Structures are given as C-alpha cells and as structure tokens.
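Report on one structure; see the data block that follows.
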There are 2 protein chains.
Amino acid sequence: MRITAVEEYGLRCLLNLARAGRGKQMSISEIAESEGLSVPYASKLLSILRKAGLVQAVRGRSGGFRIARDPGEIDLYEVLFALGGPLIDPDHCQKHSGQLDQCVHTEECSVQGVLGGLAGYVQSFLAGTSLQEIVDGRPCTMARQSTAAFEISDTAHSDELRSGVVDDPAGN
Amino acid sequence: MRITAVEEYGLRCLLNLARAGRGKQMSISEIAESEGLSVPYASKLLSILRKAGLVQAVRGRSGGFRIARDPGEIDLYEVLFALGGPLIDPDHCQKHSGQLDQCVHTEECSVQGVLGGLAGYVQSFLAGTSLQEIVDGRPCTMARQSTAAFEISDTAHSDELRSGVVDDPAGN
DNA sequence: ATAATACTTTACAAAAGTGTATTGTTTTAG
DNA sequence: CTAAAACAATACACTTTTGTAAAGTATTAT
C-alpha cells in the first residue's frame with residue numbers, strides 16, 4: 001500500500017495552480033520547472049487532471065493551465081481518485097478470487113470487510129482535507145492527532161526478522 | 001494508492017493460519033487451495049511472512065506452517081508493513097525530487113506534510129486492528145464509523161469528466 | 001535406506017507502472 | 001500569412017510487480 005508516482009507528482013502540479021490562485025494560469029514549462037519534472041511528463045499529469053475536471057487548459061501561443069475551482073472547494077479525495085482510482089477496486093472479489101470462479105470467502109469475506117473499512121477510514125481523511133488547507137500548510141485535524149505516532153513507526157517493526165524455522169515440530 | 005496483490009493475498013494466507021489457531025499447522029497446499037492460489041505463489045507469500053517472524057515453518061514430510069503468535073497479539077500494521085513496506089518511503093524527498101538535486105519544497109514541503117499525516121492516520125487504524133478481530137468479523141471501532149461513507153464514494157466522483165478546454169482564455 | 005512429502009531458493013516470463021520522445025493541433029504575435 | 005509558442009495524443013523503452021516454473025533441501029513413514 002503506497003502512494004503512486006502519478007498521485008504524488010500530479011498532486012504537486014495541481015498545488016502549483018492552487019497556489020497561483022483561481023484566475024492565474026501557468027504553462028506546462030513553468031509547472032515542470034517548478035517541480036523538477038520533464039515537460040512531457042508534467043504534460044501527461046496535467047492531461048489527467050484536465051480530463052477529471054480539476055484544471056482547465058487554454059491552448060495556443062499564450063496558453064496554459066489554471067485551476068478549475070477554488071482550492072478550498074477541492075478535496076484531496078477527488079484529486080487522488082482522479083490520479084490513481086479508488087483504494088479498493090469496486091469488483092474486488094471478482095478479481096481477487098485466485099483460480100476459483102468466485103470469491104473464496106462468499107459466506108463471510110472478512111478481508112473485504114476490514115479493507116473496506118480501511119478505505120472508508122482513509123477517505124474520511126482525504127475528503128476532509130482541501131487543497132487550500134495544504135497550501136496554507138495546516139493539515140486537517142485528523143492529520144495532526146496521529147502524525148506523532150508515525151514518526152517512530154518504521155524502526156519499531158524493522159528488526160523483527162528471524163529465521164522462522166522452528167526446532168520443535170510438535171509445537172511444545 | 002492501492003492495496004497490492006502481495007498484501008492482499010499474504011494477509012489472506014495469514015488469516016487461514018490465524019483461524020486455524022496458535023498451535024495448529026497447515027501445509028502450503030492446504031492454504032493455496034483454500035485461497036485459490038497456486039502452490040508456488042502461496043509458497044512465496046508464506047516465505048515473506050516467515051522472514052518477518054509472523055509464521056513459523058516446519059520442514060519435512062509432516063511439515064507445514066503455523067502462526068507465530070496469538071492472532072490477538074498481531075496487528076494489521078505489522079502484517080502489511082512486512083508484505084508491502086511503509087506507506088511513505090522514509091527518504092521520500094530524496095527520491096521524489098524530480099530532476100533537481102534536492103526536494104523542491106525545502107522551505108515548506110506541504111506535500112510531505114499532508115502525506116505524512118495521512119500515513120500516520122492510516123497507521124493508527126492498522127495498528128488498532130488485530131488479526132483476531134478480523135477473524136471474528138468485527139472490525140475495529142474506527143472502521144465502522146466510516147464504512148457508510150465509503151459505500152457511496154465512487155459514483156460521486158466518476159462522472160465529473162469533461163473536456164477541460166475553455167473557450168475563454170482571459171478567464172472572465 | 002529409500003521414497004514420498006513438504007518447505008526453500010532461484011530464475012524467468014507476463015503484466016502493469018513510469019517516464020521519455022515524437023508528432024500533431026491550436027492560437028497568437030508580428 | 002507565417003512562424004513561434006503551447007497544449008494534445010500516441011508510441012515506445014525501461015522498471016517494477018506479479019505469478020509461474022524448476023531444481024534443491026529437509027524430514028519422516030515404511
């Protein structure tokens with residue numbers, strides 16, 4: 001589970017336009033240079049954002065992009081959904097049924113339950129964060145209350161590697 | 001942002017052993033058949049779980065796998081971290097600096113801030129959910145309070161596609 | 001002992017994701 | 001009208017992930 005490159009860079013490109021403001025426009029070159037991306041790559045990302053209705057393009061010699069709505073009216077869920085789709089595929093059980101015809105957990109797909117719960121949890125965070133809040137540098141309430149725990153997270157689990165092969169087959 | 005195949009299937013394999021219980025063991029064949037996976041693939045997943053210390057292997061003719069600790073003592077964060085690593089790479093700004101030498105947002109990396117907040121938020125969910133809770137089919141409190149919102153999520157954003165090309169370059 | 005069973009490791013092919021290159025279309029400055 | 005500037009679309013190479021295949025190691029029933 002991770003943030004994809006398209007989501008990361010696409011969000012950054014959009015934030016440039018959010019910082020510029022509702023009416024101002026920037027060219028692909030300006031955005032690409034600002035984020036250290038190649039022009040063709042930034043172009044691809046902005047094309048995705050345009051098709052999602054998040055930015056508007058102006059063609060021609062004095063063209064460029066501008067944000068489609070007020071940054072305060074665009075939430076992070078809409079942005080990440082446009083760039084990377086949903087956290088869990090709608091027809092999840094169809095695709096993840098292995099070699100069987102249908103989901104192996106038809107009676108009680110507990111995996112589906114917990115991952116669906118996670119997806120909803122994540123969405124509540126994303127939908128509660130607007131681009132304006134990110135530009136202003138004040139993450140939403142939910143973020144601040146759990147950031148501290150994340151800081152010490154990785155090391156806590158990284159040194160748990162061991163052989164896993166036991167000497168006692170009986171389990172006593 | 002999505003759950004990877006290894007995370008999904010790895011978790012499912014581990015849940016089989018969690019359902020079997022602390023002392024019981026299952027062979028790769030049994031687990032593979034139970035989840036509709038090929039034996040070699042299940043073998044690879046269980047190997048990852050073993051190296052992470054989550055399961056123990058018994059070799060030889062009457063061998064198999066069993067869960068290393070009580071399912072109530074294993075949380076979902078540890079499992080997903082073992083199978084797919086952290087949500088955000090520790091040296092994030094080094095890798096995502098584009099063509100520049102250092103992160104383009106050194107003064108105020110607002111993207112890093114909000115995504116770090118998201119990672120912490122997700123972790124609080126995962127760390128608060130044990131395998132036992134999943135087996136019992138009762139998602140943790142955090143899941144239930146936000147599941148309803150997820151149900152109606154996808155359709156709400158899917159029909160926002162438009163051309164994005166405006167007829168009014170001036171923006172009036 | 002030996003064969004059967006089960007885990008281990010490595011290698012590899014197919015698919016998806018990432019980023020670049022190229023060519024085309026649109027608009028405007030002159 | 002023409003050339004320059006800027007967005008649009010497609011194709012392609014590269015990398016990572018995914019899943020399979022095959023050969024190897026370890027244990028035990030007989």
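Numbered from 1 within each chain, the chains take letters A, B, ... in sequence-line order. These numbers come from the heavy atoms of this one structure, side chains and all, not from hydrogens, waters or symmetry mates. Source: prediction; values computed, not measured.
A/Glu7 places its CD atom 13 Å from the P atom of C/dG19, with the value rounded to the nearest Å. Between the C1' atom of C/dC7 and the CD atom of B/Glu30 lies a distance of 14 Å, rounded to the nearest Å. Counting to the nearest Å, the P atom of C/dC7 and the CG atom of B/Leu46 are 8 Å from each other. Taking atom CD1 on B/Ile48 and atom C1' on C/dT8, their separation rounds to 13 Å, with Å as the unit. The separation between A/Ile31 atom CD1 and D/dA6 atom C1' is 12 Å, rounded to whole Å. At whole-Å resolution of the value, CZ in A/Arg66 and C1' in D/dC7 are 14 Å apart. The nearest whole Å value for the distance from the OH atom in A/Tyr41 to the P atom in D/dA13 is 19 Å. If you take CG of B/Leu45 and C1' of D/dG19, they are 10 Å apart, rounded to a whole angstrom.
When each of A/Leu15, A/Leu126, A/Ile74 is paired with A/Val79, the side chain to side chain contact (heavy atoms under 4.5 Å, CB included) condition holds for A/Ile74 and for no other.
Nearest nucleotide to the B/Ser62 side chain, out of D/dT28, C/dA11, C/dT8: D/dT28. Out of C/dT8, D/dT18, D/dG19, the shortest distance to the side chain of B/Ile28 is found at C/dT8. With C/dT20, D/dA9, D/dT28 as the candidates, the nucleotide lying closest to the side chain of A/Arg50 is D/dA9.
Both A/Arg2 and A/Ser27 sit near DNA chain D, but only A/Ser27 has its closest nucleotide nearer the 5' end. Where B/Val6 and A/Ser43 meet DNA chain D, the nucleotide closest to each residue was compared, and A/Ser43 sits on the side nearer the 5' end.
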Protein-nucleotides 22-26 of chain D N/O pairs under 3.5 Å:
{"from": "D/dT25", "atom 1": "O2", "to": "B/Arg59", "atom 2": "NH2", "distance (Å)": "3.0"}
{"from": "D/dA26", "atom 1": "O4'", "to": "B/Arg59", "atom 2": "NH2", "distance (Å)": "3.4"}

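A distance-only check finds a donor-acceptor pair linking the side chain of A/Arg22 to the backbone of A/Ile67 [under 3.5 Å]. Looking at B/Glu35, its side chain never comes within 3.5 Å of a backbone N or O of B/Ala32 through a donor-acceptor pair. B/Glu7 places a side-chain N or O within donor-acceptor distance of the main-chain N or O of B/Thr4, the cut-off being under 3.5 Å. No donor-acceptor pair closer than 3.5 Å links the side chain of B/Glu78 to the backbone N or O of B/Asp75. Side-chain atoms of A/Gln25 come within 3.5 Å of backbone N or O of A/Ser62 as a donor-acceptor pair.
Donor-acceptor pairing under 3.5 Å is recorded for the side chains of B/Tyr121 and A/Ser124.
Phosphate proximity of D/dT20 to B/Ser38: present, with a side-chain N or O under 4.0 Å from OP1 or OP2.
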